[in-house]
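A short write-up of the structure that comes next.
Counting convention: from 1, in listed order, for ligands and their atoms alike.
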Amino acid sequence: MAKTFLCIIFPLLVIITLSFSATRADPVFLQSVKLNPMKLKTEKLSHFKFYWHDIYSGPNPTAVGIVQPPSINNTTSPTGFGQISMIDDMLTEKPERNSKLLGRAQGFYGLASQEEIGLLMAMNFFFTTGKYNGSTLTIMGRNPVFHKVREMPVIGGSGLFRFARGYVQASTHTFDMKTGDACIEYNVYVMHY
Ligand SMILES: *[C@@H]1O[C@H](CO)[C@@H](O)[C@H](O)[C@H]1NC(C)=O
Ligand SMILES: *[C@@H]1O[C@H](CO)[C@@H](O)[C@H](O)[C@H]1NC(C)=O
Ligand SMILES: *[C@@H]1O[C@H](CO)[C@@H](O)[C@H](O)[C@H]1NC(C)=O
């Protein structure tokens, strides 16, 4: 009887005890959530069009260089490689800067290409009008600024744009070589609820 206990029942007891304590010790950091109580409606595709203003000139710039291009062998890269700007740019309904303000593009971009002028952009579109007031979209992508149309991914969003995914197409409306000021047309295609 003692032998049976040692060989069969004791190991079984150990296993049962261990599995119970393992269950109890499991932290509740991951749970599946039902979609309906979150009151999500059906997913839809929205298209927005607006103008993005990068202003370096004048007394109220919305874009500032925060890292200057480093010099290698006493020369700077012809593509500005290594330079970074921080932005808090206006998003307006029309190309005119004083047209209706829809929100702001906040973030930064850096010259990330050694072959051509190519930006890495990381920015949030922060909307401040109508039902989208307070909602954001996050854009992160590659922007070769001298191409006619540049496409960048929308990688997420908040507020009315929770679960957002999509893309933007940027095309230059005006660009002032001397000051660096630019007005860019953005077409945003985004899936959200
Ligand atoms: C810098 O100079 C060194 C030595 O002349 C050369 O080997 C190197 O390729 C140069 N680097 C660049 C980025 O021009
Ligand atoms: C860079 O310029 C400095 C000052 O003119 C000089 O002393 C140095 O040798 C230069 N370095 C190279 C790699 O040309
Ligand atoms: C947007 O929301 C902010 C903060 O809730 C509020 O102060 C502001 O008046 C709102 N703007 C519009 C246009 O609804």
Check your understanding: Got a protein heavy atom sitting under 4.0 Å from atom 2 (O) of ligand 3?
Key ->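 Given the 4.0 Å cut-off, atom 2 (O) of ligand 3 counts as touching protein heavy atoms.
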
Check your understanding: Any protein heavy atom lying closer than 4.0 Å to atom 11 (N) of ligand 3?
Key -> yes

Practice item. Using only heavy-atom distances, determine whether the side chains of S46 and H192 contain a donor-acceptor pair under 3.5 Å. Key: yes

Practice item. Determine whether the side chains of T128 and N133 contain a donor N or O and an acceptor N or O closer than 3.5 Å. Key: no

Exercise for review: Tell me which protein heavy atom sits closest to atom 9 (O) of ligand 3, plus the residue, atom name and distance to 0.1 Å.
Suggested key: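 Ranked first by proximity to atom 9 (O) of ligand 3 is N133 ND2, 4.7 Å.
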
**Study point:** For atom 13 (C) of ligand 3, closest protein heavy-atom neighbour
**Key:**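 Answer for atom 13 (C) of ligand 3: T128 O, 3.6 Å.
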
Exercise for review: On the 0 to 90° scale, with breaks at 30° and 60°, tag the F48-Y132 ring pair as parallel, tilted or perpendicular.
Suggested key: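 Taking Y132 first and then F48, their aromatic rings stand perpendicular (interplane angle over 60°).
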
Study note, to complete from the structure: Given the options I184, N187, L101, V188, F50 meets side chain to side chain contact (heavy atoms under 4.5 Å, CB included) only with V188

